[in-house]
Amino acid sequence: MRSIRPLLAATGLVAVLALSATACGPSEDDAADKPAAVESAGGNDSGGGIPADLAETLKKHGVDPEKWKDGEWKNWDKDKWLREAKDFVNPVIDGLWKPERMKSAKDPAKTMAAGDFSGDQGVTDPEPAPVKARPEALPYHDHAAPVGKVFFDSPEGSMVCSGTVVKDPKNPGRSNLVWTAGHCVHAGAKGGWYRNIVFVPAYNDKGKSAAALENARPEEIAPYGAFWADWATSSGEWISRGGPTGGEGAPYDYAVLHVKPENGTKSLEETVGNALPVNFDAPEISQISAMGAWGYPAAPPYDGLIMHKCVDRPGRLSISPSTPTMYRIGCTMTGGSSGGGWFSEGADGKLALVSNTSIGPVTSGWLAGPHLGQGAQEIFTMMSDKFAGR
């Protein structure tokens, strides 16, 4: 049985998610209280709220921009489903993500049966004991403001994942970057980019039940408002090899979003008051005493409304001899927590994001996430450089 004593050091994992002393929580003056603006997600508006560059991309693929915002985005025919990295489009559709639509979004669970593991079991540690996920303290904006929900549309309907606000080296103090899983933005080998991707930090801030949310004000559900992705990037391995249960794309199942507020101009980091650094040089698993995973589990027995967390000593999981070894921790969180950040203390003594939830077993009990190495750093740096000073 693994010792739990090293996990005592993990209490610091909670502190890093709290707002800084100078930050402010959401107030009645925040953008979430104001009517939604009809504005583009970036670039020059070509009319109808769709930027000129996005409109040109749609036209190039035979899609009428006006028809897109009026419902053409629901057309998932293969020839209309953009999949290449350069073809990401996600124009703002005003009023699309209403509270009821958010609550009805489903989880894109990436579950694997025992027989799905074909890798070298010599680098796979014994299955960890389940760690019961614990609800985060309330309100979320005081305890885990950078954590939120990622909503998107897929051929199966409205879906939901989790995500984390991360620091942007080229925009210190003003980051608009969100870390999540690749399968929360792109379908992988047999599909393309998902649509209408938005990030809602500190979703359901006061942790209310479904019944209590029936009459909740919009700012209680989305205290900081919604942030639409105007660009997304994932690994080439996920795009070319990712599958319904993760497959050999799972060790590369990560993505970065650049977002803009549906209303206003303040950056995401300034709005929520905090962001987490990303560590692309985490030590060997044997040197890590604890990792903490945060997210919004949505598959039973959870309902996607409450933020949860798990802290455990990580082990190793190998999917294939030809792919990097993944992290694995005991955790009872289910689908919907996908994309949620994993945090650990680095060599400098500071806590940082080191992975994200990717896959878990059909029966739940553990979660696995990719090791963030050179490939992950490259797509992150590319995103930071693309929006430097913006």
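Quantities reported herein were computed from a predicted structural model and do not represent experimental measurements. In what follows, residues are counted from 1 in the order of the sequence shown.
- Between Pro201 and Ala145, the shortest heavy-atom distance links the atoms CB-O, 3.8 Å.
- In terms of hydrophobic clustering, with Ile, Leu, Val, Met, Phe, Trp and Tyr side chains grouped at heavy-atom distances under 4.5 Å, Tyr302 and Tyr203 are assigned to different clusters.
- Within the structure, salt bridge (Lys or Arg N to Asp or Glu O under 4.0 Å) contacts touching residues 373-386 (residues at least two apart or in different chains) are Lys170-Asp385.
- With sequence neighbours left out, the side-chain contact (heavy atoms from CB on, under 4.5 Å) criterion links Ser209 to Ala211, Ala212.
- Considering only residues two or more places apart in sequence or on other chains, Ala181 meets the side-chain contact (heavy atoms from CB on, under 4.5 Å) condition with His183, Cys184, Asp253, Asn356.
- One distance of note links CZ of Phe227 with NZ of Lys266; it measures 9.5 Å at 0.5 Å rounding.
- The nearest pair of heavy atoms linking Trp81 to Pro155 is CH2-CG, 3.7 Å.
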| What's the verdict on side-chain hydrogen bond (donor to acceptor under 3.5 Å, both in side chains) for Asp168 and Ser384, showing C-alpha distance, side-chain angles and the deciding distance? | CA-CA 6 Å; Asp168 181 353; Ser384 181; 2.4 Å; yes
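- Residues Met159 and Ser154 approach most closely at CG-OG, 3.4 Å, considering heavy atoms.
- Residues passing the ring pair (Phe, Tyr, Trp, His ring centres under 6.0 Å) test with Tyr252, sequence neighbours excluded: none.
- Scored by the salt bridge (Lys or Arg N to Asp or Glu O under 4.0 Å) test, Arg174 finds no partners at all (sequence neighbours excluded).
- With sequence neighbours excluded, the residues forming a ring pair (Phe, Tyr, Trp, His ring centres under 6.0 Å) with Trp193 are Phe88, His186, listed by chain and number.
- In the displayed structure, Asp281 atom CG is contacted under 6.0 Å by at most 12 heavy atoms of other residues, nucleotides or ligands.
- Residues Ala299 and Thr334 approach most closely at O-OG1, 2.7 Å, considering heavy atoms.
- Side-chain N or O atoms of Asp205 include one that pairs as donor or acceptor with a backbone N or O of His141 at under 3.5 Å.
- Leu305 places a side-chain heavy atom less than 4.5 Å from the side chain of Lys103.
- Identified under the salt bridge (Lys or Arg N to Asp or Glu O under 4.0 Å) test for residues 143-156, with sequence neighbours left out: Arg101-Asp153.
- A salt bridge links Glu219 to Arg217: one of the charged nitrogens lies within less than 4.0 Å of a carboxylate oxygen.
- Within a 6.0 Å radius of NZ in Lys106, no more than 12 heavy atoms belonging to other residues, nucleotides or ligands are found.
- Note that CH2 of Trp342 is 4.0 Å distant from CD1 of Ile329, once rounded to the nearest 0.5 Å.
- Ala232 and Leu257 make their closest contact through CB-CD2, 3.6 Å (heavy atoms, listed as atom of the first residue, atom of the second, distance).
- For the ring pair (Phe, Tyr, Trp, His ring centres under 6.0 Å) condition, the pairs that include at least one residue of residues 313-339, sequence neighbours left out, are Tyr327-His371.
- When all heavy atoms of Pro128 and Trp366 are compared, the closest pair comes out as CG-CB, 3.8 Å.
- Partners of Arg83 by salt bridge (Lys or Arg N to Asp or Glu O under 4.0 Å), not counting sequence neighbours: none found.
- Within 6.0 Å of NZ on Lys60 lie more than 12 heavy atoms contributed by other residues, nucleotides or ligands.
- The structure places CD of Glu284 at 8.5 Å from CZ of Arg316, a figure rounded to the nearest 0.5 Å.
- Taking the side-chain contact (heavy atoms from CB on, under 4.5 Å) definition, one finds that Lys190 meets it with nothing, sequence neighbours left out.
- The distance from atom CH2 of Trp228 to atom CG of Asn90, rounded to the nearest 0.5 Å, is 6.0 Å.
- Scored by the side-chain contact (heavy atoms from CB on, under 4.5 Å) test, Asp77 finds Asn75, Asp79, Lys80 as partners (sequence neighbours excluded).
- Taking Asp303 as the reference, nothing meets the salt bridge (Lys or Arg N to Asp or Glu O under 4.0 Å) condition, with sequence neighbours excluded.
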